[in-house]
Amino acid sequence: MGIVIKEVNNNKTLNDFVNLPYTLYKNEKNWVPPMKKDELNSVIPEKNPAYEFCKVKLWVAYQDGQCVGRIGGIINALWIEKKGQNIGRFTRPEFINDKEVSALLLKTVEEWFKAEGMTELQGPLGFSNLDHQGCLIEGHDWLPSVASDYHMAYYQEHFDALGYEKEIDWIEFRITFPDALPEKAFKVADMLTKRYGLKALNFTKSQELEPYKEKVFALFNKAFAELFGTFQLPEKMVQFYINKYFPILNPRYVKIILDKEDELAGFLIALPSLSEAMKKAKGKLLPFGWWHIMKALKKPKEMDLMLTGVKPELQKMGVAALLMNDLWKTAKEDGVKYVETTGMLENNHVAIQMWKSFDHIQHKRKRCYKKAL
């Protein structure tokens, strides 16, 4: 029987779209299953405010009655306005190792983009840079953080065979924290603090983070403004991400620095690694998923560095180093030795420089592909 592509337009096709990775990766030891509810909410217009400025279509592929692939297309008006080009985003591609399946899925999204006046497509990209982005092409032997992605190793071969080219890569690092920081690190921190009137904040309770939630995203919009794939997040998107991510934060792993006017100068959001806990939860909080996650949050063994932002005018002044010093102190208290970063654009040299003072390896790489239409 041939391959049939169906647009997602009812509960069955929607559930098949969301559930496919859980079947496809069930025997992959380094795949970390996300929460199904979060995945479902991200592609339901009533749940995801990105649909207010994005035109979206989703498709699934069937063979002999079984779902064997999926793909989505996003026309993001805010991204197009920023770029000044009609570039579509293909999103969430997953498929079995069958080039006919991948070719039909990508042809489907390409044809839709052409009909909508797009001149190029790029991906995998999500609704924003806080959504799924990039295809893993290096680092399949490592467990990803919950804010990153794992993909089948054969995906790269499929994209290459279909004429897709590299647009840009994200790289990820694994950091080994030392038992002690050199004396120079504390002297530099003291000098920077006095010179710029900076003040570090540490937290122990979730309620203490409340005054800074919106401020973090306001600075995020400024700090990431010039990076690939980013655009100014509207207020509803900010609230969407606050509601999604802040409830699971351990406040001790959130670091903030204020400037001399008590305005936010920089932030760092880390999280005790949830990767092993999410594997045990298998995409569900019930019956015992919540227990595995709470245990990981309270008794961390490793840490994921989720997001760091610094005022543009201070990005070369060492503020990020101050944030990392504070994170090191908390990690040392908790006996956490290793830190996994999320993807950093390979040309974001300011961010990459954060690791120069620590023992680190660059062990993963994710790629954004492009193709002219």
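Values below: all heavy atoms of this structure, side chains included; hydrogens, waters and symmetry mates excluded.
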Minimum heavy-atom distance between [X] and [Y], given as atom pair plus value:
X: Ile248; Y: Leu274; result: CD1-CD1, 4.3 Å
X: Pro49; Y: Met237; result: CG-SD, 3.7 Å
X: Gly126; Y: Thr91; result: CA-OG1, 3.8 Å
X: His151; Y: Leu136; result: ND1-N, 3.0 Å
X: Val109; Y: Gly72; result: CG2-O, 3.8 Å
X: Gly318; Y: Leu192; result: O-CD1, 3.7 Å

If we ignore hydrogens and angles and just use 3.5 Å, is the side chain of [X] paired with the main-chain N or O of [Y] as donor and acceptor?
X: Ser275; Y: Pro144; value: yes
X: Ser145; Y: Thr342; value: no
X: Asn221; Y: Gln232; value: no
X: Gln362; Y: Lys364; value: yes

Looking at [Y] and [X], is any side-chain nitrogen of the basic one under 4.0 Å from a carboxylate oxygen of the acidic one?
X: Lys107; Y: Glu110; answer: no
X: Lys99; Y: Glu157; answer: yes
X: Asp16; Y: Lys6; answer: no
X: Glu263; Y: Lys311; answer: no
X: Arg92; Y: Asp131; answer: yes
X: Lys370; Y: Glu120; answer: no
X: Glu276; Y: Lys295; answer: no
X: Asp179; Y: Lys337; answer: yes

What orientation do [X] and [Y] show, parallel under 30°, tilted 30 to 60°, or perpendicular over 60°?
X: Phe217; Y: Phe246; answer: tilted
X: Tyr155; Y: Phe159; answer: perpendicular
X: Phe95; Y: Tyr154; answer: tilted

Checklist line | Test side chain to side chain donor-acceptor pair (under 3.5 Å) applied to His363 and Glu340, step by step | finding: CA-CA 10 Å; His363 61 326; Glu340 289 277 334; 2.8 Å; yes

Check: Between Leu249 and Phe203, does a side chain to side chain contact (heavy atoms under 4.5 Å, CB included) hold up when you go through it step by step?
Finding: CA-CA 11 Å; Leu249 294 182; Phe203 307 96; over 6 Å; no

Item checked: Step-by-step salt bridge (Lys or Arg N to Asp or Glu O under 4.0 Å) determination, Lys57 to Glu116 -> CA-CA 12 Å; Lys57 278 190 181 291; Glu116 293 291 330; over 6 Å; no

Notebook entry, point to check: Do Arg89 and Trp79 meet the cation-pi criteria used here (NZ or CZ under 6.0 Å from the six-membered ring centre, within 45° of the axis)?
Noted result: yes

Note to self: Is the positively charged end of Lys332 above the ring of Phe177, judged by distance under 6.0 angstrom from the centroid and angle within 45° of the axis?
What the structure shows: no

Margin query: Hydrogens and angles aside, do Ser148 and Glu172 bring a side-chain donor and acceptor to less than 3.5 Å of each other?
Written below: yes

Next item on the list: Evaluate side chain to side chain donor-acceptor pair (under 3.5 Å) for Lys255 paired with Thr330, printing each intermediate quantity in order.
Entry: CA-CA 10 Å; Lys255 306 300 176 182; Thr330 300; 2.6 Å; yes

Check: Does the separation of the ring centres of Phe220 and Tyr241 fall below 6.0 angstrom?
Finding: no

Next item on the list: Taking side-chain hydrogen bond (donor to acceptor under 3.5 Å, both in side chains) as the test, write out the residues that go with Lys236, two or more places apart.
Entry: Glu52

Do the non-hydrogen side-chain atoms of [X] and [Y] ever get within less than 4.5 Å of each other?
X: Pro93; Y: Leu105; answer: no
X: Asn76; Y: Glu81; answer: no
X: Ile74; Y: Phe127; answer: yes
X: Leu125; Y: Phe228; answer: yes

Next item on the list: Evaluate whether atom NZ of Lys213 has more than 12 neighbouring non-hydrogen atoms of other residues, nucleotides or ligands under 6.0 angstrom away.
Entry: yes

